[in-house]
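This is the structure I want to talk about, given as structure tokens.
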Amino acid sequence: MNRPQQVPEPLTSGEVAQMLRVTPVTVARWADTGKLTSFRTLGGHRRFHRAEVEALLIPETVRATRPAPS
């Protein structure tokens, strides 16, 4: 029996700001410029994918040496 994959809860601007140690305004600016991908809730609030934010926490040298997923 196949179980549906669990999708991680999206992060708020405040949660992203705490993770990256910046202000929520900076997070919004990064979303506006395309540094972070965001989507909007029905209420118009930004949400962010956890995997993308966590990838920013990995040093550039580690990301560059990690093999591409197949």
Side-chain angles (χ1 to χ4, degrees):
M1 183 172 193
N2 291 337
R3 292 184 179 192
Q5 291 183 352
Q6 288 192 345
V7 177
E9 284 289 317
L11 300 170
T12 66
S13 296
E15 292 168 332
V16 173
Q18 283 183 327
M19 289 174 73
L20 300 178
R21 298 183 182 185
V22 297
T23 67
V25 173
T26 299
V27 172
R29 190 177 312 121
W30 288 348
D32 289 340
T33 61
K35 184 173 181 176
L36 280 173
T37 305
S38 68
F39 58 95
R40 302 258 184 180
T41 66
L42 292 177
H45 299 280
R46 292 181 202 262
R47 293 294 183 263
F48 300 86
H49 297 285
R50 179 178 295 277
E52 182 179 358
V53 175
E54 288 175 346
L56 290 175
L57 296 171
I58 299 171
E60 192 68 35
T61 55
V62 174
R63 274 188 270 159
T65 59
R66 193 175 273 177
S70 28

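Count residues from 1 along the sequence.
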Looking at side-chain heavy atoms only, is the closest gap between R46 and D32 below 4.5 Å?
-> yes
Taken to the nearest 0.5 Å, the spacing of R47 CZ from S13 OG works out to 7.5 Å
Count the heavy atoms belonging to other residues, nucleotides or ligands that lie under 6.0 Å from CZ of R21, then report whether that count exceeds 12.
-> no
If two hydrophobic side chains count as joined below 4.5 Å and joins carry through other members, does L36 share a cluster with V25?
-> no
Contact summary for T23 and A17, nearest pair of heavy atoms | C-CB, 3.7 Å
Of all the heavy-atom pairs spanning E9 and R50, show the shortest one and how long it is.
-> O-NE, 4.4 Å
Flag if over 12 foreign heavy atoms under 6.0 Å of CD, Q18 = no
Heavy-atom closest contact (E52 atom, K35 atom, distance) = OE2-O, 3.9 Å
Name of the residue among V16, T37, T12 meeting side chain to side chain contact (heavy atoms under 4.5 Å, CB included) with F48 = V16
Are L11 and L56 in one and the same hydrophobic cluster, where Ile, Leu, Val, Met, Phe, Trp and Tyr link if side-chain heavy atoms are under 4.5 Å apart?
-> yes
Locate the shortest heavy-atom distance separating G14 from P24; write the atom from each residue and the value.
-> CA-CG, 4.4 Å
